[in-house]
Amino acid sequence: MSAAKQSDDRSGRSLTPMHEDVSAWYGDVVARAELADRGPAKGTMVIRPYGYAIWELLQRQLDDRFKATGHQNAYFPLFIPESYLRREAEHVEGFAPELAVVTHGGGKELDEPLVVRPTSETVIGEMFAKWISSYRDLPILINAWNNVVRWELRPRMFLRTTEFLWQEGHTAHADEADAMAETRRMFDVYDEFARNVAAIPMVRGEKTPGERFAGALRTFTIEGMMRDGKALQSGTSHYLGTNFARAFDITFQDEHNALQHAHTTSWGMSTRMIGAVILAHGDDRGLVLPPRLAPHQVVVVPIGRGDALAGTTAEAERLARRLRERGVRVHVDTRDQSPGFKFNDWELKGVPLRVELGPRDLEAGVVMLAQRVGDDDEDGRARKHRLTPDELVDGVGARLDAYHDLLVARAEAFRADRSATVDDRTTFDAQVAVGFAHALHCGEPACEEAIQERTRATPRCVPTEGPDETGVCIECGRPSAYGRRVVFARAY
RNA sequence: CGGGGUGUGGCGCAGCUUGGUAGCGCACCUGCUUUGGGAGCAGGGGGUCGUCGGUUCGAAUCCGGCCACCCCGACCA
């Protein structure tokens, strides 16, 4: 980034405007909202308390969904013998370029190098083989919360770092139908989670062969649209067939004494989802957090000086206690800063609701309420509404829910505005420059590459829902594949 | 790996052309005054100028090597 394109005042108070330079804006927000810092080694990231609090909320709500669908958590090792990766041909090929390999330990060269897991299909396959011998052992439904390492050439905070946190689900089933049902079930869980927790409407679909997970037969993905019109893959669910079962001897005896290979699945969502939240909802004032992921859903700012401040602070604490009783995450900002500073700071940090409580309010028995987005005045500032403490406390749950719905509706409207069905190349090229293009495609990898070469757009997915349609490929004119339109976009 | 940049207090930068031993803004500390949209004044702390070597009486500045990081492409959750 050239110095000239950066904000005039990156050290000061203003963020780089999003329309000016999304990349600089993103970096500013991550730093100034105290989500994360760069680690000392290239591509590494320190997740700061505010950012980690978001991750914990995400983690908990996603984990609840895994438990509700019958999964159990377990932990598998960080180090994997290098030879394991080689056992599944496509899998090695896919991951070889981004592996970190440990060659020395305890001051000695290792007999066999150890790979730092880029994902755990192989170790888990090995363990499944040990644990499974009968159809009665199936299905086995496991999830692991861990860190993985993929050597990245071009890191970007949260979106693509060398080490990242995620969960990886791994299951084994007696037959294809059961494994496919699992693949789709978790795909639905991710989609539902993205919408109902992260407030991001997703395009649901299946990856084209070229974009599939290395070693998978089918890969399902949820793709969100970011504020710059680019797509972000936010969760994937794979049907692995018997590929890993054959590579790791995951076999069982069925009801008829016949030896069979298990059908496996895997599915993951990562800290990248935090990047999705930043890029899907943020604006020129900074972060915009969906209430279910906001570490503070409400911030109360007491105003005044001297005795008056002591009075408003005491009242703010009382109010906070009442809100907490309703299960709301509240923070009272008692820092020695001006009110104006705090308003801007919490807007930057994306807090959904702000309550101001000054001497005049205390006198009148009211509080002032402002919300982060969706209710601005002509000057682009949040409108302030006068409420009694009772009204605030009684209405806060509904207000947060409405705010969540507002974020979803806003993101849907934005996506609709930036999506189009296109049938000619000129329109296609213009469309992928600003958003999603729904187009017919022949399915040939070479043709996908030609499109990417020219427009930097890739097929994101073949939507799972939507009308059947056939015709000719937008690029080469040959008959279309998939029986559906394909969503093309530039992607993170 | 290709292309483009940058390395100077915590952050952002100036100084380098024309060598003379480091400065500005923000942040930080202290005090007083302030507090309804990023407070003011005064005082103060903090930097072997990425690194190694060379030139020179003297190097942030000139020369050479090395290293690191950032941005744009190819790979990826």
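At least one side-chain nitrogen or oxygen of S23(A) sits closer than 4.0 Å to the OP1 or OP2 atom of C72(B). Considering only side-chain N and O atoms, Q452(A) lies nowhere under 4.0 angstrom from the phosphate OP1 or OP2 of G73(B). Between R38(A) and C70(B) there is a side-chain N or O to OP1 or OP2 distance below 4.0 Å.
One C1' atom belongs to U18(B), the other to C70(B), and the distance between them is 31 Å to the nearest Å. Nucleotides A59(B) and G50(B), compared at atom C1', are 16 Å apart to the nearest Å. The gap from the P atom of U61(B) to that of G15(B) amounts to 15 Å, rounded to the nearest Å. Comparing the P positions of G45(B) and A22(B) gives a spacing of 15 Å, expressed to the nearest Å. Spacing between C29(B) and G37(B) at atom P, rounded to whole Å, works out to 24 Å. For the C1' atoms, the distance linking G12(B) with U6(B) amounts to 13 Å, nearest Å. Only the C1' atoms considered, G9(B) is 26 Å distant from C62(B), to the nearest whole Å. Comparing the C1' positions of G46(B) and G25(B) gives an interatomic distance of 16 Å, to the nearest angstrom.
Contact annotation for D336(A): no contact, since no heavy-atom pair falls under 4.0 Å across all strands. Counting non-hydrogen atoms under 4.0 angstrom, M368(A) reaches a base of the nucleic acid. Within 4.0 Å of R354(A), counting heavy atoms only, lies at least one base atom of the nucleic acid. The residue R456(A) sits close only to the backbone: its heavy atoms come under 4.0 Å of sugar-phosphate atoms, none of a base. Residue G358(A) is classed as a base contact, given a heavy-atom separation below 4.0 Å to a base. Using a 4.0 Å heavy-atom criterion, one finds that F164(A) contacts the bases of the nucleic acid, with or without backbone contacts as well. If you check every strand for non-hydrogen atoms under 4.0 Å, L309(A) touches nothing.
Distances from the side chain of R272(A) to the nucleotides G38(B), G36(B), A77(B) place A77(B) closest. Closest to the side chain of F341(A), from the set C76(B), G36(B), A39(B), is A39(B). When distances are taken from the side chain of P359(A) to each of G37(B), C76(B), G36(B), the shortest belongs to G36(B). Closest to the side chain of Q233(A), from the set G38(B), G36(B), A77(B), is A77(B). Of the candidate nucleotides G37(B), G36(B), A77(B), A77(B) has the atom nearest to the side chain of T161(A).
For D345(A) and G304(A), each mapped to the nucleotide of RNA chain B holding its nearest heavy atom, the one lying further toward the 5' end belongs to G304(A). In this structure, S234(A) and R381(A) both approach RNA chain B, and ranking their closest nucleotides by distance from the 5' end singles out R381(A).
A straight line from CD of E168(A) to P of A77(B) spans 13 Å, rounded to a whole angstrom. When the C1' atom of C72(B) is taken as reference, atom OH of Y492(A) falls 14 Å away, rounded to whole Å. Going from atom CZ of R32(A) over to atom P of A27(B) covers 11 Å, rounded to whole Å. At whole-Å resolution of the value, CD in E152(A) and C1' in G73(B) are 15 Å apart. One atom, CZ of R156(A), and another, C1' of G73(B), lie 14 Å apart when rounded to the nearest Å. One can place CG of D28(A) at 12 Å from P of C71(B), the figure rounded to the nearest angstrom. Between the NZ atom of K230(A) and the P atom of A77(B) there is a distance of 16 Å, given to the nearest Å. If you measure from atom CD of Q337(A) to atom C1' of G37(B), you get 14 Å, rounded to the nearest angstrom.
Results of the side chain to side chain contact (heavy atoms under 4.5 Å, CB included) test with L232(A) over R272(A), M225(A), M202(A), E223(A) single out R272(A) as the only residue that passes.
Between W346(A) and H296(A), the two ring planes are perpendicular [angle over 60°; tilted spans 30° to 60°].
Ion pairing between a basic and an acidic side chain is recognised when a charged N comes within 4.0 Å of a carboxylate O; R285(A) and D376(A) show such pairing. The pair R60(A)-D64(A) does not count as a salt bridge, with every side-chain nitrogen at least 4.0 angstrom from each carboxylate oxygen.
Separation of the H441(A) and F488(A) ring centroids falls under the 6.0 Å cut-off. Taking the six-membered ring for Trp and the full ring otherwise, W267(A) and F66(A) have centroids separated by under 6.0 Å.
The base of G36(B) does not come close enough to the side chain of K342(A) for any donor and acceptor atom to sit less than 3.5 Å apart. For E347(A) against G37(B), a side-chain N or O and a base N or O form a donor-acceptor pair under 3.5 Å. Side-chain N/O atoms of S338(A) and base N/O atoms of A39(B) include no donor-acceptor pair closer than 3.5 Å. Judged by distance alone with a 3.5 Å cut-off, a donor-acceptor contact links the side chain of R160(A) to the base of C76(B). Counting atom types as modelled, R305(A) pairs no side-chain N or O with a base atom of G36(B) as donor and acceptor under 3.5 Å.
What you find for N243(A) and G215(A) is that their closest heavy atoms are ND2-O, 2.9 Å.
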Problem set entry | Watson-Crick and G-U pairing of RNA chain B, under 3.5 Å, as dot-bracket with | and [ ] | ((((((((.[[[[.)....(..]]]].((((((.....)))))).....[[[[[..)....]]]]])))))))....
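Here the CZ atom belonging to R227(A) is positioned 15.0 Å from the OH atom belonging to Y26(A), to the nearest 0.5 angstrom. Taking CZ of R418(A) as the start and CG of D228(A) as the end, the distance is 7.5 Å to the nearest 0.5 Å.
For the residue pair H170(A) / S266(A), no side-chain donor-acceptor distance below 3.5 Å is found, with atom types taken as modelled.
Side chains of R292(A) and L400(A) form no contact here, defined as non-hydrogen atoms less than 4.5 Å apart.
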